[in-house]
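Letters A, B, ... are given to chains in the order of the sequence lines, protein chains preceding strands, and every chain is numbered from 1.
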Protein chains: 2
Amino acid sequence: MKLRENYTCPLEMTHDIIRGKWKPIILWQLGKSRSSLANLERDIQGITQKMLLEHLKELLDYDVVAKQSFEEYPLRVEYFLTERGEKLLEAVVIMQGIGIQLMQESGMESILKEKGLIG
Amino acid sequence: MKLRENYTCPLEMTHDIIRGKWKPIILWQLGKSRSSLANLERDIQGITQKMLLEHLKELLDYDVVAKQSFEEYPLRVEYFLTERGEKLLEAVVIMQGIGIQLMQESGMESILKEKGLIG
DNA sequence: CAGCATCCGATCTGATACTG
DNA sequence: CAGTATCAGATCGGATGCTG
């Protein structure tokens, strides 16, 4: 994800931060609970390790996510939302709500039910 | 902007809708007031007509934006937010807030002042 | 388990020129 | 003024194999 060097609008900046294909889902997952790389990889359907790491790195760079490494074997790392990340999650929650609505309109309720997102 | 055919999560769907480089800014502008193509082109720094139309088309497809055409000369069209668009704008507002904070931290206040976004 | 490097096809973006 | 077409370069995304 290449960020621009010049921003003429603050919105562009935040949007660039959340732009990648998987960023909102990562935030969503971390909003549920701090998590390891492997767990995220398992919880986010279809993501590759490469994409996950790449996106996490950007989120780290922008202080949206932070991580804690434990010096032990096997290696253990935990990623979690920063205060800014929690704030951004509010936007993600709104998007999730709209998504649910969209899926209901398109007859994709079955998926929502599977996930326990609706009754 | 190619959308996926399968969504396993409603979030992916909304994110795909807002994914393009200029979508949030378009929503922001339309949130301020309904507007013509030419006005949007002028108000959004750096956007090309092509990108603008392309993104508008997608926003139209997903009922986030609607348009009204007047059959007169010179041709006149007005784009505006739908109810769903207004909802999505809430997310955009949060992103804008975070962006302002980020720019302040990075010593880019001058840009914010120019735009009257901060004191 | 965490993280890195590389390769390649798919997508996105922007410039430019053109139509109603 | 609104909208379309085309083309090339930049970026993104995913598969795979490797290291500590």
Side-chain angles (χ1 to χ4, degrees), chain A residues 1-9 12-13 15-26 29-30 34-61 65-80, chain B residues 1-9 11-12 15-26 29-30 33-62 65-80:
Chain A
M1 204 67 29
K2 177 83 174 274
L3 303 191
R4 321 164 218 214
E5 333 71 43
N6 296 316
Y7 288 96
T8 57
C9 166
E12 290 174 344
M13 201 157 177
H15 185 231
D16 270 8
I17 292 172
I18 211 180
R19 196 123 83 93
K21 184 171 181 181
W22 306 97
K23 300 249 182 65
I25 310 188
I26 294 174
Q29 285 298 331
L30 291 181
R34 44 168 62 208
S35 176
S36 67
L37 190 65
N39 280 340
L40 287 172
E41 208 172 336
R42 176 159 33 73
D43 293 341
I44 302 176
Q45 259 201 41
I47 198 171
T48 1
Q49 192 193 40
K50 176 198 166 192
M51 293 278 67
L52 187 50
L53 276 165
E54 212 163 272
H55 285 149
L56 278 171
K57 186 179 293 181
E58 282 182 46
L59 294 171
L60 287 166
D61 284 349
V65 162
K67 80 172 175 178
Q68 186 177 6
S69 303
F70 300 85
E71 301 295 334
E72 57 185 37
Y73 279 88
L75 287 176
R76 187 157 68 95
V77 172
E78 279 184 357
Y79 290 90
F80 57 95
Chain B
M1 202 69 29
K2 177 86 173 275
L3 304 191
R4 323 165 215 212
E5 333 71 43
N6 295 316
Y7 288 96
T8 57
C9 165
L11 194 45
E12 291 174 341
H15 185 231
D16 270 8
I17 292 173
I18 210 179
R19 196 122 88 88
K21 183 172 182 180
W22 306 96
K23 299 247 183 67
I25 310 187
I26 294 174
Q29 286 297 332
L30 292 180
S33 71
R34 45 167 61 205
S35 176
S36 67
L37 190 65
N39 280 340
L40 286 172
E41 206 172 338
R42 176 159 32 72
D43 293 340
I44 302 176
Q45 259 202 40
I47 198 170
T48 1
Q49 195 193 38
K50 178 199 165 190
M51 292 280 63
L52 186 51
L53 276 164
E54 213 161 274
H55 283 149
L56 279 172
K57 187 178 292 183
E58 280 182 46
L59 294 171
L60 288 167
D61 283 348
Y62 284 89
V65 163
K67 81 171 174 179
Q68 185 176 6
S69 303
F70 300 85
E71 300 295 334
E72 57 185 39
Y73 278 88
L75 286 177
R76 188 156 68 94
V77 171
E78 280 185 357
Y79 290 90
F80 57 94

To the nearest angstrom, how far is B/L52 atom CG from D/dC1 atom C1'?
13 Å

Please list, chain by chain and in numerical order, all residues satisfying side-chain hydrogen bond (donor to acceptor under 3.5 Å, both in side chains) with A/Y7, sequence neighbours excluded.
A/D16

In terms of side-chain heavy atoms of B/Q49, which of D/dT4, C/dA2, C/dC4 is nearest?
D/dT4

Whole angstroms only, please: what is the CG-C1' distance between B/L40 and D/dA2?
12 Å

Whole-Å distance, A/E71 CD to D/dG20 P, equals 16 Å

Rounding to 0.5 Å, atoms CD (A/E58) and CG (A/D61) come to a distance of 7.0 Å

Take the protein atom CG of B/L56 and the nucleotide atom C1' of D/dA2, then report the distance between them rounded to whole Å.
11 Å

Taking only side-chain nitrogens and oxygens of A/S36, does any of them come within less than 4.0 Å of OP1 or OP2 of C/dA2?
yes

Nearest-Å distance, CZ (A/R34) to C1' (C/dA2)?
17 Å

Closest to side chain of A/L53, choosing from D/dG3, C/dC4, D/dA2:
C/dC4

Nearest nucleotide by nearest heavy atom, which residue falls closer to the 5' end of DNA chain C, A/L37 or B/G46?
A/L37

To the nearest angstrom, the CD1-C1' distance between A/I47 and D/dA15 comes to 14 Å

Rounded to the nearest 0.5 Å, what separates atom CG in B/L56 from atom CH2 in B/W22?
13.0 Å

Looking only at non-hydrogen atoms, find the nearest pair between B/K21 and B/H55 and report the distance.
N-CE1, 3.8 Å

Hey, does the side chain of A/Y79 come within less than 4.0 Å of C/dG3's phosphate (OP1/OP2), counting only N and O?
yes

In whole angstrom, what separates A/Q68's CD from C/dG3's C1'?
18 Å

In whole Å, I'd like the distance from the NZ atom of A/K57 to the C1' atom of D/dC12.
16 Å

Distance col, row A/E12:CD vs A/I17:CD1, nearest 0.5 angstrom, shows 12.0 Å

Which atom pairs link the protein and nucleotides 9-13 of chain C when you take only N or O atoms and keep those under 3.5 Å?
from	atom 1	to	atom 2	distance (Å)
C/dT11	OP1	B/K2	NZ	2.9
C/dC12	OP1	B/K2	N	2.8
C/dC12	OP2	B/M1	N	3.1
C/dC12	OP2	B/K2	N	2.8
C/dT13	OP1	A/R19	NH1	3.4
C/dT13	OP1	B/K21	N	3.2

Give the table of side-chain donor-acceptor pairs shorter than 3.5 Å for residues 34-44 of chain A, with sequence neighbours excluded, one pair per line with atom names and distance.
from	atom 1	to	atom 2	distance (Å)
A/R34	NH1	A/Q68	OE1	3.0
A/R34	NH1	A/E78	OE1	2.9
A/S36	OG	A/N39	N	3.1
A/S36	OG	A/N39	ND2	3.4
A/N39	OD1	A/R42	NH2	2.3

Nearest 0.5 Å, please: how far is OG in A/S69 from OH in A/Y79?
7.0 Å

